[in-house]
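So you know, we letter chains A, B, ... as the sequences are listed, proteins then strands, and number each from 1.
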Amino acid sequence: MVGCAHCRPHSLRDIVLDSMSDQIEDRKAKLEKIRALGVDPYGARFTDVTTHADIRAAAGQMNIEPGQVCEGEEACFRAAGRVVLYRDIGSLIFMTVRDRTGDLQFGLSKKMIMGGTAVPDSHEATKPRSHEETQASAFPAPEVGWKLAKLLDLGDIVGADGRLGRTKTGELTLWVTRLTLLSKCLRPPPEKWHGLTDVEARYRRRYVDLLSNPDSQQVFLMRARIIDYAREVLRERGFIEVETPVLQPIYGGAAARPFLTHHNTLDMDLYLAISPELYLKRCLVGGLERVFEFSRCFRNEGISPRHNPEFTMLELYQAYGDYHDMMDICERVIGGAARDVIGATKIQFGKAEIDYATPWPRLKYADVFGEYAGVDMNDEAAVRAKARELGVFKKVLREEPGRRDIFAEDQVELDHPVLVNKVFEATVEEQLVNPTFVLDWPAPLCPLTRRHPDDPNAALRFELFIHGMEIGNAYTELNDPAVQRATLSKQLRGEEDETMAVMDEDFVEALEYGMPPAGGLGIGIDRTVMLLTGSTSIRDVILFPLQRPQA
RNA sequence: GAGGGUGUAGCUCAGUCGGCAGAGCAACGGCCUUUUAAGCCGUGGGUCCAGGGUUCGAGUCCCUGCACCCUCACCA
């Protein structure tokens with residue numbers, strides 16, 4: 001403490017001293033000391049690195065005794081990673097270094113790094129040649145190596161050449177003969193045991209979350225593998241991956257509020273895609289008979305643990321198929337990923353254990369409605385009574401207080417199918433915990449779907465529900481341009497104008513050239529990853545979820 | 001948009017009834033050649049989210065605002 005006990009530290013000198021005590025300042029001071037040693041604290045290309053996992057695998061073949069340091073060339077490795085633990089016990093330093101495959105202990109002894117052991121020749125053969133690479137191989141002199149080791153901080157990224165051994169306690173250790181600083185970490189990382197737990201900080205500075213919480217990295221690794229898996233399933237079936245516009249002059253393919261933007265040169269308003277559907281169908285018209293896209297969709301709606309304004313949908317179309325083929329693909333992609341990527345058929349999600357063993361139940365919309373809502377969906381009076389009981393009308397009134405045409409509950413005008421769907425959402429969805437297909441939806445809710453041949457009031461559509469969430473949505477696609485024009489023109493009372501399907505003349509014109517009958521499917525990738533990784537918030541599976549600007 | 005909760009050191013968290021701002025890790029100085037979240041001795045570090053108010057006195061009570069989380073609604 002500077003100054004007497006009664007004084008607040010506010011003099012210039014105090015402020016400077018406070019600032020100097022800051023950990024960032026400490027680290028910057030070390031940075032300068034490192035530079036003074038002639039070492040570039042930000043490294044350069046570092047070639048021929050063996051991953052920690054591969055080093056462990058190699059060590060498994062060597063039968064190294066506790067206390068032993070291997071002599072042979074086969075025990076010499078180059079490794080790199082971030083220092084996550086650092087234990088300095090005098091003229092011996094142990095650090096735990098993390099790379100993408102896991103942790104490995106590096107051991108540094110003053111004697112060894114000072115040249116007590118000859119530098120292995122194995123790396124000379126693969127020594128880089130270019131000018132840039134020559135710089136990368138410019139190791140500090142041996143006496144500098146030890147000083148450098150003493151100046152390391154938690155969070156620094158280091159590279160090392162060394163020989164494998166085991167400590168007395170048997171811990172596999174890379175005994176370092178040459179140490180390279182690859183990047184100095186100027187900010188103290190989170191606490192080594194708890195990591196970063198503050199959720200806001202984890203989302204705002206995801207890089208800190210990732211570097212300090214292996215579990216978080218694991219989620220994004222799984223996400224990538226699930227996507228790879230889906231891609232592989234589709235490729236095997238002859239699908240090709242395409243890209244469709246995010247900037248669209250007319251939004252369509254779903255019922256959602258769009259984001260609006262503007263192109264300056266064309267002086268033209270554009271919408272960010274709410275769905276790639278109408279473009280992928282144009283591909284079908286053009287003869288790309290099996291297409292898929294991992295499509296970023298943007299919907300200007302609320303944010304919740306299950307909704308992010310931008311999200312990723314796998315959408316695909318298969319010519320000459322129908323929605324039964326799409327059910328098979330759902331089971332193959334999601335059920336297969338559970339089995340082959342996660343390695344389990346039962347996965348915990350919140351308090352529920354979900355069973356992904358296929359096949360999944362295929363239930364008729366009318367049947368599940370009758371079972372869980374307790375009324376016949378075609379009995380308008382009964383549905384209306386049920387809706388009143390569930391408070392559907394009150395919710396509508398609350399949502400649209402400005403509507404002049406609504407004065408009382410009974411005067412809320414909702415078309416029957418809209419009311420049915422609101423009752424469905426309120427009663428059925430949460431009951432569907434294990435993967436369940438719900439087939440044959442009320443036709444008026446499905447402007448892009450072929451009608452059921454036996455029932456003009458039903459559409460050949462299914463949604464896949466898991467844990468009460470809509471995970472997949474699929475149709476036997478409507479390819480009759482006249483019917484398509486009619487359904488896009490029809491307005492339903494009870495759905496807001498802004499989210500209504502919009503007439504897209506160019507799309508209908510495309511249908512007039514002839515679109516093959518097809519099955520189409522959308523799978524919510526973020527939600528699928530949530531379920532398969534046990535992440536109960538969508539923000540935990542999106543690297544950089546949308547946040548308000550910081551206060 | 002409505003309701004509930006949270007915000008204290010770089011990180012993880014205590015802080016009782018309104019009475020000197022605390023711990024562990026991290027940092028700094030010192031010791032240590034086999035550590036495992038190393039250990040031991042010593043030291044420094046605070047806009048208690050922001051702004052008002054009540055009070056002799058506010059991290060604590062009240063009001064307003066901000067950010068985040070949860071529930072509901074829209075939505076996938």
Side-chain angles (χ1 to χ4, degrees), chain A residues 1-2 5-6 8-9 17-27 29-30 66-67 69 84-96 103 105 107-112 153-155 165-171 173 175 186-204 208 212 254-257 274-275 297 299-309 311-313 391-392 394-396 398-401 422 425-426 429 463-465 469-473 495-496 498-499 522-528 530 536-539 545 547-551:
Chain A
M1 180 65 89
V2 177
H6 305 288
R8 305 293 293 175
L17 286 171
D18 282 352
S19 153
M20 284 305 286
S21 72
D22 185 73
Q23 295 192 41
I24 295 172
E25 295 305 321
D26 290 337
R27 283 165 179 254
K30 285 186 185 173
V69 180
V84 293
L85 294 172
Y86 182 91
R87 300 179 285 278
D88 179 351
I89 50 175
S91 43
L92 203 57
I93 296 169
F94 291 102
M95 36 191 209
T96 303
D103 293 353
Q105 174 164 277
L108 297 98
S109 85
K110 191 173 183 177
K111 272 183 190 168
M112 197 180 288
D153 283 310
L154 288 173
R166 288 192 188 277
T167 62
K168 283 177 186 172
T169 54
E171 178 80 20
T173 300
W175 287 101
L186 291 178
R187 291 177 183 267
E191 203 221 15
K192 57 192 176 187
W193 189 243
H194 298 95
L196 187 67
T197 65
D198 178 73
V199 285
E200 184 177 358
R202 288 183 53 224
Y203 299 148
R204 286 195 193 280
V208 180
S212 62
R257 288 189 189 82
I274 59 171
S275 159
C297 299
R299 299 189 182 175
N300 207 337
E301 311 272 1
I303 297 174
S304 85
R306 278 162 287 284
H307 300 88
N308 196 62
F311 65 101
T312 302
M313 190 150 68
V392 165
K394 283 178 186 162
K395 284 174 187 168
V396 172
R398 211 185 310 141
E399 286 156 23
E400 302 180 62
K422 287 190 184 295
E425 287 167 1
E429 291 189 358
E463 288 196 0
L464 169 64
F465 290 93
M469 285 193 288
E470 184 189 335
I471 299 301
N473 182 22
E495 292 205 336
E496 292 174 74
E498 204 180 357
T499 64
I523 293 176
I525 290 297
D526 313 275
R527 289 180 172 184
T528 300
M530 284 171 66
T536 52
S537 171
I538 197 168
R539 296 178 210 97
Q547 300 281 110
R548 277 195 179 86
Q550 216 155 3

What is the distance, to the nearest angstrom, from the [atom1] atom on [X] to the [atom2] atom on [N]?
X        : N     : atom1 : atom2 : value
A:Trp193 : B:A37 : CH2   : P     : 6 Å
A:Ile303 : B:U71 : CD1   : P     : 14 Å
A:Asp103 : B:U35 : CG    : P     : 19 Å
A:Lys111 : B:U33 : NZ    : P     : 10 Å
A:Leu186 : B:A27 : CG    : P     : 14 Å
A:Gln105 : B:A37 : CD    : C1'   : 13 Å

Using a cut-off of 4.0 Å on non-hydrogen atoms, how would the nucleic acid contact of [X] be classed: base, sugar-phosphate, or nothing?
X        : answer
A:Leu85  : sugar-phosphate
A:Glu463 : nothing
A:Ile93  : nothing
A:Gly524 : nothing
A:Arg539 : sugar-phosphate
A:Arg527 : base
A:Asn308 : base
A:Glu171 : base

According to a strict under-4.0 Å criterion, is [X] in side-chain N/O contact with OP1 or OP2 of [N]?
X        : N     : answer
A:Arg204 : B:C68 : yes
A:Lys30  : B:C28 : yes
A:Arg87  : B:U35 : no
A:Lys192 : B:A38 : yes
A:Arg166 : B:U34 : no

Base-pairing assignment for [N] (Watson-Crick or G-U wobble, both under 3.5 Å):
N     : value
B:C25 : B:G10
B:G45 : none
B:U54 : none
B:C68 : B:G5
B:G39 : B:C31
B:A73 : none

Margin query: With heavy-atom distances below 4.5 Å as the criterion, would you say the side chains of A:Val208 and A:Pro190 are in contact?
Written below: yes
Tell me which nucleotide among [options] gets nearest to the side chain of [X].
X        : options             : answer
A:Asp88  : B:A76, B:C68, B:C32 : B:C32
A:Glu200 : B:A67, B:C74, B:U35 : B:A67
A:Pro305 : B:C70, B:U33, B:C74 : B:C70
A:Arg548 : B:U71, B:A67, B:U34 : B:A67
A:Ile538 : B:A76, B:C72, B:U35 : B:A76
A:Thr167 : B:U36, B:A37, B:U33 : B:U36

Margin query: Among residues at least two apart in sequence or on other chains, which ones pass side chain to side chain contact (heavy atoms under 4.5 Å, CB included) with A:Leu85?
Written below: A:Arg87, A:Thr96, A:Lys192
Notebook entry, point to check: What pairs with A:Arg187 under side chain to side chain contact (heavy atoms under 4.5 Å, CB included), at least two apart in sequence or on another chain?
Noted result: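 Checked A:Arg187 against side chain to side chain contact (heavy atoms under 4.5 Å, CB included); matches are A:Ile24.
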Checklist line | Given RNA chain B, 5'-ward residue of the pair A:Ile471 and A:Arg27, judged by closest heavy atom | finding: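 That would be A:Arg27.
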What N/O pairs connect the protein and nucleotides 6-12 of chain B at under 3.5 Å? Give each pair on its own line.
residue : atom : partner  : partner atom : Å
B:C11   : O2'  : A:Glu191 : N            : 3.0
B:C11   : O2'  : A:Gly195 : O            : 3.2
B:U12   : OP1  : A:Thr197 : N            : 3.0
B:U12   : OP1  : A:Thr197 : OG1          : 3.3
B:U12   : OP1  : A:Asp198 : N            : 2.9
B:U12   : O3'  : A:Thr197 : OG1          : 3.2

Next item on the list: To the nearest 0.5 Å, tell me how far A:Glu191 CD sits from A:Leu154 CG.
Entry: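 CG of A:Leu154 is found 11.0 Å from CD of A:Glu191.
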Margin query: For the CD1 atom of A:Ile525 and the CE atom of A:Met530, what is their distance to the nearest 0.5 Å?
Written below: 13.0 Å
List in chain and number order the residues that pass side chain to side chain donor-acceptor pair (under 3.5 Å) with [X], two or more places apart in sequence or in another chain; answer none if no residue qualifies.
X        : value
A:Ser275 : none
A:Asp198 : none
A:Thr167 : A:Thr169
A:Arg527 : A:His307

Dump the pairs, protein N or O against N or O of nucleotides 49-51 of chain B, anything under 3.5 Å, distances to one decimal.
none

Next item on the list: Return yes if some donor-acceptor pair links the side-chain N/O of A:Asn473 with the main-chain N/O of A:Glu463 below 3.5 Å, else return no.
Entry: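 Between the backbone of A:Glu463 and the side chain of A:Asn473 there is no qualifying donor-acceptor contact (under 3.5 Å).
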Item checked: N/O donor-acceptor pair under 3.5 Å between A:Glu301 side chain and A:Arg257 backbone -> yes
Item checked: Stacking check A:Phe94 vs B:A38 (5.5 Å / 30 deg) ->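 No, the aromatic ring of A:Phe94 does not stack with the base.
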Notebook entry, point to check: Among all residues two or more places apart in sequence or in another chain, which pass the ring pair (Phe, Tyr, Trp, His ring centres under 6.0 Å) test with A:Phe94?
Noted result: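 A:Trp175.
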